[in-house]
Structures are given as structure tokens and as C-alpha cells.
Participant: 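Questions regarding the structure given below will be posed in turn.
Heavy atoms only: backbone and side chains are in, while hydrogens, waters and symmetry mates are out.
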There are 2 protein chains.
Amino acid sequence: MAATSRGHRERIVYETAQHLRRSGVGGTGLRQVVADAGAPRGSLQHYFPGGKDQLVGEALDWAGTWAAQRVEEHVARMRRPTPARLFTAMTQDWARDLEARDHARGCPVAAAVVDCADTNPAVREAAASALETWRRPITAALVSMGRPRRRADALSTLMLCALEGAIVLARAQRDTAPLRLVARELAPVLDA
Amino acid sequence: MAATSRGHRERIVYETAQHLRRSGVGGTGLRQVVADAGAPRGSLQHYFPGGKDQLVGEALDWAGTWAAQRVEEHVARMRRPTPARLFTAMTQDWARDLEARDHARGCPVAAAVVDCADTNPAVREAAASALETWRRPITAALVSMGRPRRRADALSTLMLCALEGAIVLARAQRDTAPLRLVARELAPVLDA
DNA sequence: AACTCACTATGACAGTCGTCATAGTAGCGC
DNA sequence: GCGCTACTATGACGACTGTCATAGTGAGTT
């Protein structure tokens with residue numbers, strides 16, 4: 001059935017992303033991924049002939065797209081949008097996720113960068129591309145809030161830096177305080 | 001000879017930290033570490049009976065202490081110290097390191113968090129402790145610059161968040177621009 | 001009916017991993 | 001000499017890893 005197999009492929013990509021969030025690239029075993037995805041092992045070489053690199057790449061693509069959608073949802077939902085409010089919404093997303101899952105899962109893109117930036121050019125590029133996919137709607141939103149293009153570009157990068165770092169610190173100390181802190185401290189810069 | 005073996009032990013710890021920076025915890029093989037350290041393989045079970053966990057833990061300790069020393073060097077060297085100037089010095093350190101090594105090595109603490117926060121409590125705690133070791137002299141410096149204790153605490157956390165995230169983005173896009181950007185954008189908040 | 005195609009199943013391969021058991025060496029006190 | 005201690009050497013173990021070869025299934029087409 002076409003629908004089922006489509007389901008298998010997508011589930012594998014999704015589950016790969018979740019494993020990346022938990023244990024990084026090196027800690028993610030393909031056999032475990034397909035098992036958790038409820039997919040047959042044979043699907044791996046069928047759908048991902050490029051091997052683990054392809055699979056990780058697609059997982060990062062998926063994650064970037066998902067994050068971008070999330071940004072756009074926030075922007076659409078906000079009545080009086082400001083950059084600081086958007087950033088607060090993003091950090092709240094992450095704080096909630098960390099707390100709900102006992103700080104088990106971080107950002108898959110950061111995991112890929114940390115594990116493969118030096119050893120795996122393909123994965124590194126996929127990570128860079130995912131970050132751009134994520135950053136683009138943020139920049140666009142800031143422009144729509146009246147920021148000049150270049151300013152919006154800088155601020156969206158600043159947001160992602162602070163967010164990624166805060167996730168790392170939060171997971172280390174098992175406390176989402178850093179996420180709330182960066183949202184609070186960056187507000188004046190973002191809304192200036 | 002006691003001196004040589006001391007040298008072996010220390011070299012192994014150091015080399016472990018460098019491997020963590022490049023490939024994360026999962027990507028760091030102990031055989032390769034001792035080889036690069038020029039140490040005999042037998043030293044592993046002699047000096048680190050606790051296995052890889054102990055070794056990674058000591059590497060994180062070492063890294064935290066090293067980073068803290070570096071902060072204190074910056075503070076001592078600065079004629080007219082301000083929080084923003086300290087942060088700029090830290091980001092410049094990292095930018096130089098990334099450029100000198102072709103963006104090959106990131107932060108070992110971030111690597112440990114990303115790879116093990118969910119699966120290895122001992123390593124997670126070592127990472128959290130290393131971050132505190134790193135943050136402490138920053139906070140102290142900010143206090144000596146006239147910031148109230150609580151404010152200094154918040155600002156030092158903010159610095160580490162922005163720095164860690166900027167390192168990730170910089171390595172992803174192989175460009176140290178994010179490091180310079182966070183230094184520039186955070187300056188008004190830090191020196192306010 | 002045969003044939004095609006998308007998908008699944010499974011076993012094997014060579015490699016690496018961390019860990020351990022065991023033995024060996026060198027230096028020092030006595 | 002002996003024994004003790006610190007350190008080194010090395011091979012093996014079982015448990016993975018990603019990848020591949022090969023065969024099998026089952027629905028759809030002609």
C-alpha cells in the first residue's frame with residue numbers, strides 16, 4: 001500500500017530526528033530508529049540508498065522546516081507582534097518541550113553540528129541549510145514588524161544563537177531558567 | 001618515571017577534550033585518543049579505572065578550568081574593563097580558534113551535553129559543573145565591575161548562552177560572523 | 001498467465017567500540 | 001637477593017555499528 005510505505009518513510013525520518021535530539025549522530029543507531037518507527041529494516045536501504053548520511057540530512061531538513069512552520073504559527077497568532085514577543089514564544093516552546101520530556105531532547109541541528117561539522121561535510125551542510133530554513137521566517141517576520149532588512153538579519157541570528165546556547169545550558173543543569181533568561185535579557189535589544 | 005607518566009595521564013585528558021571538540025562523545029574512540037596523546041593503551045585502565053565516563057568527566061573538568069583561567073587572564077589584562085569588553089575578548093578567542101583550525105573544533109562541554117545529557121547522568125553532571133566553573137570568574141568579574149550580584153549572575157549566563165550558540169552557528173556555516181555579531185549586539189545590554 | 005515494480009525480510013560482512021584478564025617490565029626500599 | 005609498586009603490553013571478548021547481497025512477497029498491468 002502506497003499510503004503505508006509513505007508512512008514508513010516519513011516515520012523513519014521523524015524518528016531519526018528524535019534520536020538525534022537525544023543522543024547525537026554517533027549515538028543514533030539505525031536499527032533502533034526503524035524499530036522505534038515501527039518500520040521494517042528493509043525500508044532503510046530502499047528509501048535511503050544514500051545511507052545514514054542521507055537519512056540524517058533528511059531529518060535535519062525536516063527539523064528545519066518544522067521549526068520554520070512553528071515560527072510562522074507564532075507570528076500568525078500574535079495580535080501585537082514584536083520581535084521580543086516572537087522570541088519569547090520560541091523560548092517558551094523549548095522550555096515546555098524540555099520540561100515535558102525531562103530535558104531529554106535538545107536541538108537536532110546543534111547535535112549534528114557538534115558531532116559532524118568536522119568529519120562529515122554533507123551533514124554539516126544539511127545543518128547549515130536547516131538553520132537557514134529556520135531563520136528565514138524569523139527574518140521575514142522582523143521585517144514585517146518594521147525592521148530594516150539588515151537589522152532583521154542580525155536580530156534573527158542573535159535569536160538563534162541565544163536560543164541554541166540556552167538549550168545547551170538548560171539541558172546541562174536540567175533547568176529551563178536560561179531559556180527564560182535570554183528571552184528577558186534580549187527583549188530590549190530586540191524591541192529597540 | 002613519575003614525570004613521564006604524569007605527562008601521559010595529562011596528555012590523555014587533554015587529547016580527550018580535543019577529540020570531544022571535534023567529534024563529540026560518541027565519535028571519540030579511546031584507542032585513537034591514546035594514540036594521539038602518544039600514550040600507551042595500558043595507561044587507560046591504569047589511570048582511568050572508571051572507564052570512558054571518568055575520562056570524559058576529567059576532560060570536561062579540564063576544559064572548564066582552562067576556560068575559567070582564560071577569563072581571568074582577560075580580566076587581568078584589560079585596562080578599563082567592562083562586561084562588553086570581556087565578552088568581546090571571549091568571542092574573539094573563539095573566533096580565532098575556529099579560524100585557525102578551519103572550524104574543526106567546538107566546545108567540548110556542548111558536545112557532552114548534546115550527546116549524553118539524556119543517557120549519561122555522570123557526564124551530564126560533569127558538563128554542568130564545567131559550565132559553572134567557567135561562569136564563576138565571569139560573574140566575579142562583573143561584580144568587580146560594579147554589577148550587583150544577581151545582575152552579574154544573569155549576565156554571565158546570558159554570555160555563555162550567546163557564546164555557545166554562536167559557536168554552533170559559526171561551525172555550521174563555517175564563518176565566525178555569529179561570534180562577532182553576538183558580541184556587538186549584546187554590548188548595550190552588558191554595559192547598561 | 002507471465003511480468004513488473006515497490007517494498008520487505010534476513011543473514012552476513014568487516015569494522016570499531018569499551019572493557020577486561022593476564023602477563024610483563026622497571027625502579028625503589030630493604 | 002626479594003618483594004612491592006607503578007606502569008605498560010597485548011590479546012581477546014561480546015556487543016554493537018553501517019552496509020550490502022540476496023531472496024521473497026504481493027498487488028497491478030497487460
Participant: Please tell me which of A/Gly29 and B/Gly42 maps to the more 5' nucleotide of DNA chain D, matching each residue to the nucleotide holding its nearest heavy atom.
Facilitator: B/Gly42
Participant: Atom CZ of A/Arg9 to atom C1' of C/dT8: distance rounded to whole Å?
Facilitator: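 Taking atom C1' of C/dT8 as the reference, CZ of A/Arg9 is at 16 Å.
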Participant: Whole angstroms only, please: what is the OH-P distance between A/Tyr47 and D/dC20?
Facilitator: 19 Å
Participant: Closest approach to the side chain of A/Lys52, judged atom by atom: which nucleotide of C/dT19, C/dC7, D/dT19 is it?
Facilitator: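 Side chain of A/Lys52 sits closest to D/dT19.
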Participant: Within the pair A/Ser43 and C/dC7, is there a side-chain N or O less than 4.0 Å away from OP1 or OP2?
Facilitator: no
Participant: Round to a whole Å and report the spacing from CZ of A/Phe48 to C1' of C/dT8.
Facilitator: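 Distance check: A/Phe48 CZ to C/dT8 C1' gives 15 Å.
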Participant: If I take atom CG in residue B/Leu55 and atom C1' in nucleotide C/dT19, what distance separates them, rounded to the nearest angstrom?
Facilitator: 14 Å
Participant: Return the orientation label for the B/Trp94 and B/Trp134 ring planes: parallel under 30°, perpendicular over 60°, tilted otherwise.
Facilitator: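 Tilted, since the angle between the ring planes falls between 30° and 60°.
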Participant: Within less than 4.0 Å of OP1 or OP2 of C/dT8, is there a side-chain N or O belonging to A/His8?
Facilitator: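 True: A/His8 side-chain N/O within range (under 4.0 Å) of C/dT8 OP1/OP2.
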Participant: Side-chain heavy atoms nearer than 4.5 Å, only ILVMFWY residues, links allowed to pass through others: does that put A/Leu160 and A/Val114 together?
Facilitator: no
Participant: In whole Å, I'd like the distance from the CG atom of B/Leu44 to the P atom of C/dC17.
Facilitator: 12 Å
Participant: Which sits closer to the 5' end of DNA chain D, A/Arg31 or A/Gln45, going by the nucleotide each is nearest to?
Facilitator: A/Arg31
Participant: May I have the distance from B/Leu30 (atom CG) to C/dG15 (atom P), rounded to whole angstrom?
Facilitator: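 Checked: the CG to P distance equals 21 Å.
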Participant: After noting the C-alpha distance and the side-chain angles of A/Trp62 and A/Thr16, does the key distance pass the side-chain contact (heavy atoms from CB on, under 4.5 Å) rule?
Facilitator: CA-CA 10 Å; A/Trp62 176 89; A/Thr16 301; over 6 Å; no
Participant: With A/Leu155, which of A/Met145, A/Arg150, A/Arg147 fulfils side-chain contact (heavy atoms from CB on, under 4.5 Å)?
Facilitator: A/Arg147
Participant: Can a side chain N or O of B/His46 be found less than 4.0 Å away from OP1 or OP2 on D/dC7?
Facilitator: yes
Participant: Which whole-number value in Å describes the distance from B/Asp53 CG to C/dC17 P?
Facilitator: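 It works out to 16 Å between those atoms.
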Participant: Look at A/Arg174 together with B/Glu125 and state whether they make a salt bridge at an N to O cut-off of under 4.0 Å.
Facilitator: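 No, this pair does not count.
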Participant: Give the nucleotide from the list C/dC7, C/dG11, D/dA9 with an atom nearest to the side chain of A/Arg41.
Facilitator: C/dG11
